[in-house]
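Written out below as structure tokens is the structure these notes cover.
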Amino acid sequence: MDIENLNGLLRPKSVAVIGASATPGKIGHTVLLNLKESNYQGGIYPINPNEQEILGFKCYQSVLDVNEPIDAAIVTIPAKFVMDTVDQCGKKGIKGLIIITSGFSEVGQVELEKELVAKARGYGMRVLGPNIVGVLSNSDNFNGSFAPFLPFNGKGSLVSQSGALLIGIDAATYMRGIGFDKLISIGNMSDVDFADTIEWLDQDENTSCISLYIEGFKDGRRTIEVSRKAKKPIVALKSGVSAHGAAAAASHTGSLAGAAKIYKSAFTQAGIIQAEDLDNLFDRTLALSQQPPLKGENILILTNGGGVGVLGTDAAEKYGIPLKFAPEDVQAELKKHMPDFGSAKNPVDLTGMAGNDWYFETVNFSHGHKWVDGLVVLYCETAMTDPMGIAKAIKDGVDKSGKTDKPVTVSFVGGERSEKAMHWLVENGIPAFAAPDKALNAMAALREYQLIRETANNEPFVYDKADRNKALEIITKARQDNRTSLTEIEAKEVFKAYGLPVTQIRLSTSEEEAVNFAKEIGYPIVMKIVSPDILHKSDAGGVKVNIKDEQGVRDAYKEIMKNAKAYKADANIHGIVIQEMAPWGTEVILGSVNDPTFGPTVMFGLGGIFVEVLKDVTFKVAPFSKHQALGMMSEIKAAPILSGVRGEKPRDREVLAETICLYANMIMDLKDEISESDANPVLVYEEGKGLKVADARIILKKKQ
Ligand code: ADP
Ligand code: MG
């Protein structure tokens, strides 16, 4: 990454405002005013050929008239004039363009935007936008935007695809007392995108948590890669579900894909923590920007009220960090700081009698104790206590414990005094929220971050024994027949070339041949129609299972042919396959799509009716590690079926994970050929007994 040029854009030492205006209310005026009012210390050069001076700054005809170096140009002139400016900026040696102007790809001017980027890149400049609010940075006193003021100061940095939302969030930071260092508007992402800003913020000394508002990635694959390597927590809110993933498709996978699900899975893979809504994005950013990850599973809740304690307990379970009772010695110590009717279990109920001292003592002791991995302190405003006093007691307790690698979150329920106390806590580095649920959700985010850090750096699985030529030969043959779908037997040969365990299979074109092949393979066998015109074979009466003898083969042959012709009179029939009958096993589905944003992506779920009805599936962008493939199995709701329920032995998850990896490897390697594929069903046996791919389908990419 060219950090240097992005520095010029995001932490410029000097800026030109192209289209600076003397008329209040115009964006070109607002930006200049904001630079001034934010007390920006770098050089400020308004560009406007018709003015001498605006807001006390000397005006220039063009950036070329400025003698000093300029890092960034903030462009506010109408779209049609932008091109000329790019040349001047390029000649001036400007590092980046912050293009606020709209009227580009968002209104269909795709070519104009492409030309603009090509020209800027030709000069080595980076482009932020167009169609943005600008860049705001507290640590640089830099409000290079038309948003009215810098955000409430903090350590999160937000990248937003929506400009209006960014302005709203800017204002909301004060209301909520949740701070940000930078707000970066990326608009059309013509050049600088999420991946670039994540990479840059990861090395920015003033950012401790990267927060994203996403409508869609430009390059999903690179964004995953960059995020996976980031050393700081990343939390994202994704809105909108685009239609492309659900486009009418010939396979199950296509219709099940849906962009939202793929994004969700991609976030997990990238180590990006997800936010449920805007509120949650704030809360999680606050926690992740102020607190260390939660390294273990023991959280302790301290409270002065039973009600909030129970709410906290429920939330802990809901967010996957259920409470455990603290050991006896911990309970005994806590008992010293509560009345007899208090409870030292978990939640620890100090009762309504708890004042500053008890809060201090219990916080101090629990935060310092080795059993406690994370502390959640709850408080209900009472007549006898002062919220600010409690807040200070909590802060003191935490500080005096001497521990800095253990997270604390707080919730106060009350009125204005509680509100003030919580602001004070946040300003002093302790995230505080208006509801117990939020304090627990924040703690859960810190746990998610820890778990993500433990797995994000697994290297992808690689299979080096694939017979690529064999696969391409089969594909080429189908293309010569003008087909974009492979028959089951062809698809299985491709699968086999990539190491996938498929059933033995032979193509017969006469009843006699069928009988011979059945004998060779050995009974029982399965027979299926082979026709590029029949994708769903059972629907056409084209599948007969458990055929036990020669007479069965002859009967089935006639019947399948009859059914196929009845189903589609002019179907091109290649023959009937004879295949080994795989023993019964748990049916799972593997599928793939070539997603427009993420590229080759694997889907996994339980097969049969489950996949049709429950859509209980998960996705992963290929390639990935075996560990991540195992993770897919626990991501589906039906996970217990694979791990063994009601006396059933667990399924062979090891072999299944390897198979998922082999499959991922195949769709990656053939990504220029395969548009979609699936293996449905794959029959999975108990531990140690492996699996068999019973049916396979491959849809080819259309080639011009
Ligand atoms: P379709 O085109 O309808 O998906 P399949 O090949 O998946 O056809 O066959 C339908 C069903 O028959 C499968 O879901 C599976 O239960 C069973 N089946 C197919 N092939 C085999 C096989 N080789 N061994 C055991 N069962 C099979
Ligand atoms: Mg099938």
Side-chain angles (χ1 to χ4, degrees), residues 249-256 483 485-496 500-508 514 517-548 552-553 556-557 559-561 563-564 566-568 571-592 603-617 638 641 651-652 659 663 676-686 689-699:
S251 76
H252 286 302
T253 320
S255 58
L256 286 165
R483 283 188 278 134
S485 71
L486 300 189
T487 60
E488 178 188 346
I489 186 163
E490 290 165 337
K492 278 186 173 166
E493 279 181 61
V494 173
F495 275 39
K496 202 172 150 194
L500 288 147
V502 294
T503 48
Q504 256 195 78
I505 183 167
R506 303 286 299 268
L507 177 66
S508 66
F517 289 159
K519 219 176 283 163
E520 279 172 32
I521 288 172
Y523 293 103
I525 55 129
V526 174
M527 291 170 69
K528 299 183 206 174
I529 190 75
V530 181
S531 162
D533 300 320
I534 303 175
L535 270 181
H536 299 282
K537 302 174 291 288
S538 345
D539 291 355
V543 179
K544 296 278 169 209
V545 299
N546 205 15
I547 297 164
K548 295 198 177 77
V553 174
Y557 197 94
E559 201 186 330
I560 290 175
M561 280 300 181
N563 290 348
Y567 182 77
K568 198 166 191 288
N572 170 12
I573 293 170
H574 290 190
I576 289 177
V577 282
I578 312 298
Q579 55 186 276
E580 74 179 281
M581 166 93 184
W584 181 87
T586 303
E587 294 196 354
V588 303
I589 177 174
L590 291 183
S592 79
M603 179 190 84
F604 167 75
L606 276 211
I609 57 159
F610 293 105
V611 66
E612 310 272 355
V613 181
L614 304 174
K615 299 199 181 337
D616 181 18
V617 293
I641 295 181
R651 305 286 101 186
D652 202 331
T659 305
Y663 182 68
E676 290 173 37
S677 71
D678 64 36
N680 182 24
V682 176
L683 300 163
V684 188
Y685 306 116
E686 64 184 58
K689 303 217 163 132
L691 54 79
K692 267 276 150 73
V693 175
D695 185 20
R697 186 171 5 244
I698 289 178
I699 315 283

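When a ligand or atom number is given, it counts from 1 through the structure's own listing order. Note that these values count all heavy atoms, side chains included, but never hydrogens, waters or copies made by symmetry.
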Are any of the heavy atoms in [X] under 4.0 Å away from ligand 1?
{"X": "N680", "value": "yes"}
{"X": "E580", "value": "yes"}
{"X": "L535", "value": "yes"}

Rounded to the nearest 0.5 Å, what's the gap from [atom1] on [X] to [atom2] on [Y]? Could you check?
{"X": "F517", "Y": "Q579", "atom1": "CZ", "atom2": "CD", "result": "13.5 Å"}
{"X": "I525", "Y": "E520", "atom1": "CD1", "atom2": "CD", "result": "12.0 Å"}
{"X": "S531", "Y": "H574", "atom1": "OG", "atom2": "NE2", "result": "7.0 Å"}

Return yes or no for this condition: an N or O of [X] is under 3.5 Å from an N or O of ligand 1.
{"X": "K537", "result": "yes"}
{"X": "K528", "result": "yes"}
{"X": "Q579", "result": "yes"}
{"X": "R697", "result": "no"}
{"X": "M581", "result": "no"}

Donor-acceptor under 3.5 Å ([X] side chain, [Y] main chain):
{"X": "S485", "Y": "I699", "value": "no"}
{"X": "D652", "Y": "K689", "value": "yes"}
{"X": "Y557", "Y": "M527", "value": "no"}
{"X": "S538", "Y": "V543", "value": "no"}
{"X": "T487", "Y": "P532", "value": "no"}
{"X": "E580", "Y": "Q504", "value": "yes"}
{"X": "K492", "Y": "A694", "value": "yes"}

**OP:** For side-chain contact (heavy atoms from CB on, under 4.5 Å), just list the numbers for D695 and K537, CA-CA rounded to whole Å, side-chain angles, deciding distance to a tenth of an Å, and then say yes or no.
**Re:** CA-CA 10 Å; D695 185 20; K537 302 174 291 288; 2.8 Å; yes
Original post:
Any N/O/S of S538 under 2.8 Å from the Mg ion (ligand 2)?
Top reply: no
**OP:** Kindly confirm whether the Mg ion (ligand 2) is within less than 2.8 Å of some N/O/S atom in D678?
**Re:** no
Who's the nearest protein heavy-atom neighbour of [atom], and how far?
{"atom": "atom 3 (O) of ligand 1", "result": "S538 OG, 2.3 Å"}
{"atom": "atom 4 (O) of ligand 1", "result": "D695 OD2, 3.1 Å"}
{"atom": "atom 24 (N) of ligand 1", "result": "A582 N, 2.9 Å"}
{"atom": "atom 26 (N) of ligand 1", "result": "L683 CD1, 4.3 Å"}
{"atom": "atom 22 (C) of ligand 1", "result": "V526 CG2, 3.6 Å"}
{"atom": "atom 16 (O) of ligand 1", "result": "E587 OE2, 2.9 Å"}
{"atom": "atom 17 (C) of ligand 1", "result": "V545 CG1, 4.0 Å"}

**OP:** With heavy atoms of T503 as the reference, note each atom of ligand 1 found under 4.0 Å away.
**Re:** 23 (N)
Original post:
Given OD2 of D695 on one side and O of N680 on the other, what angle do they make at the Mg ion (ligand 2), to 10°?
Top reply: 90°
Original post:
Would I698 and E490 count as a side-chain contact (heavy atoms from CB on, under 4.5 Å) if you check the C-alpha gap in whole Å, the side-chain angles of each, and the deciding distance to 0.1 Å?
Top reply: CA-CA 9 Å; I698 289 178; E490 290 165 337; over 6 Å; no
Original post:
Do protein heavy atoms approach atom 11 (C) of ligand 1 to less than 4.0 Å?
Top reply: no
**OP:** Flag yes if more than 12 heavy atoms outside K548 fall under 6.0 Å of its NZ atom; otherwise flag no.
**Re:** no
Original post:
Among A694, A679, P681, A696, which residue places a heavy atom closest to atom 21 (C) of ligand 1?
Top reply: A694
